[in-house]
2 protein chains.
Amino acid sequence: MSEKQQAGLRARTRRAVRREIAQAAEALFVERGFEATTIDDIAAAVGMSQRSVHRYFASKEEIVLGKFDLVVDDMLAALRDRPAAEPIWTSLHRTFDVMVALAEAPGHAELVEPIHRIVFRTPALLAAYLQRLQRMQDAVVSELRARAEAAGTPYADDDPTPRAVTAAAFGCLIAAQHSWLASTPKGSLASALGRAMATVGPREPEAHHS
Amino acid sequence: MSEKQQAGLRARTRRAVRREIAQAAEALFVERGFEATTIDDIAAAVGMSQRSVHRYFASKEEIVLGKFDLVVDDMLAALRDRPAAEPIWTSLHRTFDVMVALAEAPGHAELVEPIHRIVFRTPALLAAYLQRLQRMQDAVVSELRARAEAAGTPYADDDPTPRAVTAAAFGCLIAAQHSWLASTPKGSLASALGRAMATVGPREPEAHHS
DNA sequence: CCATATCTGTCAGACACTGACAAGCATGGC
DNA sequence: GCCATGCTTGTCAGTGTCTGACAGATATGG
């Protein structure tokens with residue numbers, strides 16, 4: 001009843017309206033910038049009232065970053081499906097692959113780059129994006145703790161290891177996005193991620209879950 | 001003329017008023033929370049108008065995170081003073097030590113923990129903090145590029161290495177802050193940082209500036 | 001003592017966001 | 001076909017952050 005991805009008619013039309021709003025909004029954002037576009041402009045573009053737009057998106061940033069929230073669930077599911085014996089760094093790399101694949105999926109890959117650029121250029125959007133990444137890291141850390149617990153080598157409650165490794169991996173993701181935006185000619189985001197994640201990695205001082 | 005840390009009378013009184021506002025605001029934030037405290041409340045607490053408070057702080061978040069901006073300059077200076085032959089990871093560790101030392105300095109160390117907790121608990125504040133860390137990373141990456149340039153082994157423009165290493169280090173900083181807040185009994189932030197930065201690190205596939 | 005610069009309060013406004021209410025429109029039982 | 005129910009929508013009103021403009025108070029420097 002809450003906010004599931006039901007196949008009901010209501011939920012379907014709701015998602016359609018969401019897409020319509022996001023589509024019109026992104027066009028305006030690309031055209032005249034994020035901050036220079038008001039909610040009223042977006043509402044007028046789709047023929048709705050300002051209030052209704054806010055019924056579909058809790059905040060202005062969510063219009064741009066809303067898609068990311070949907071990917072997060074897929075990424076966490078991908079992480080859970082990774083074999084327990086796999087090195088953590090590899091599992092995190094494969095988790096990011098889910099996001100990269102959707103970003104480079106054919107059809108709407110043209111909008112990905114300008115939107116990406118806007119997110120990293122607009123302070124408010126970058127802050128919101130980093131906040132979402134941070135929130136996702138909490139979920140990843142929980143998963144890593146559960147995995148270590150299942151392996152018989154749980155982390156101590158105040159052990160910074162799982163969060164440090166996770167934060168380092170997410171740092172590589174952001175570095176890859178930066179590098180991808182700066183690359184000329186434009187390479188693939190997947191290769192940028194691979195290169196970034198090859199430059200750093202976890203250190204295993206003693207035996208700790210192979 | 002712009003915004004330097006002059007020793008003039010004007011700049012001195014201005015910083016005094018800033019401190020007074022921040023002090024009163026932090027008391028209110030700790031007492032009733034960040035979001036539940038309005039600018040009008042803060043203005044009333046220091047006997048000023050709402051408009052004048054905004055003349056000293058561009059945003060509500062800056063009242064809390066303004067001190068961080070001052071530390072950033074010291075940290076960047078510390079990074080520049082590190083010997084060029086020192087491993088990057090160690091240089092970054094020493095850079096963070098500057099911030100840790102100020103956080104654990106005697107006198108105002110009691111306020112550090114509750115403020116820390118508020119920052120990590122309040123979404124808007126966490127987002128603003130992460131944004132500032134990201135902006136600082138840009139400066140650190142520039143410094144690392146300049147250092148590699150001076151060493152005769154410059155990075156390519158789209159090489160994600162310097163940013164990935166930097167992002168990983170900052171991830172360790174955040175992980176250390178988390179671990180420090182979660183630790184009972186409360187350990188030192190410096191030791192938490194040391195443990196976090198020991199868990200991950202750069203990989204040197206080939207010879208690249210010792 | 002005066003010209004200049006700075007600080008201040010007040011007013012007004014843009015903008016994001018929220019709650020409340022009533023009207024429109026659908027679905028589903030009768 | 002008809003009506004009750006529930007969801008969506010627009011309108012209105014309000015809060016809170018943040019900004020610009022103006023005028024008065026205060027301080028600085030010649």
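Lettering follows sequence order; numbering is per chain, from 1. FYI, side chains are in, hydrogens and waters are out, and symmetry mates aren't considered; it's all heavy atoms of this structure. This is a predicted model, so every value here is computed, not measured.
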Between [options], which nucleotide has the shortest distance from any of its atoms to the side chain of [X]?
X: A:Tyr56; options: D:dT8, C:dC17, C:dG9; value: D:dT8
X: A:Arg55; options: C:dA20, C:dT8, D:dT19; value: C:dA20
X: B:Ser49; options: C:dT10, D:dC18, C:dC17; value: C:dT10
X: B:Thr38; options: D:dT19, C:dA16, D:dG16; value: D:dG16
X: B:Ser52; options: C:dC17, D:dT17, C:dT8; value: C:dT8
X: B:Arg51; options: C:dT18, C:dT10, C:dC17; value: C:dT10

Take the protein atom [atom1] of [X] and the nucleotide atom [atom2] of [N], then report the distance between them rounded to whole Å.
X: A:Arg12; N: D:dC7; atom1: CZ; atom2: P; result: 17 Å
X: A:Glu61; N: D:dT17; atom1: CD; atom2: P; result: 16 Å
X: A:Phe57; N: C:dC17; atom1: CZ; atom2: P; result: 12 Å
X: A:His54; N: D:dT9; atom1: NE2; atom2: P; result: 15 Å
X: B:Lys60; N: C:dA16; atom1: NZ; atom2: P; result: 18 Å
X: A:Asp40; N: C:dG13; atom1: CG; atom2: C1'; result: 14 Å
X: A:Ile39; N: D:dG10; atom1: CD1; atom2: P; result: 14 Å
X: A:Glu35; N: D:dT19; atom1: CD; atom2: P; result: 11 Å

* Asked: Does the pair A:Glu149/A:Arg145 count as a salt bridge with the N-to-O cut at 4.0 Å?
  ->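 Salt bridge: no.
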* Is A:Glu86 salt-bridged to A:Arg94, cutoff N-O under 4.0 Å? -> no
* Are a donor atom and an acceptor atom from the side chains of B:Gln177 and B:Tyr129 found within less than 3.5 Å of each other? -> yes
* Asked: Are A:Leu126 and A:Arg121 side-chain neighbours, meaning at least one heavy-atom pair lies under 4.5 Å?
  -> no
* Asked: Base, sugar-phosphate alone, or nothing: which one does A:Thr37 contact when heavy atoms must sit under 4.0 Å apart?
  ->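 Here A:Thr37 touches the backbone only, sparing every base.
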* **Whichever of A:Val53 and A:Gln50 has its nearest DNA chain D nucleotide further upstream toward 5'** =>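 Its nearest nucleotide lies further toward 5', so the answer is A:Val53.
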* Structure fact -> Per salt bridge (charged side-chain N to carboxylate O under 4.0 Å, His left out), A:Glu62 is matched among A:Arg132, A:Arg55, A:Lys67, A:Arg18 by A:Arg18
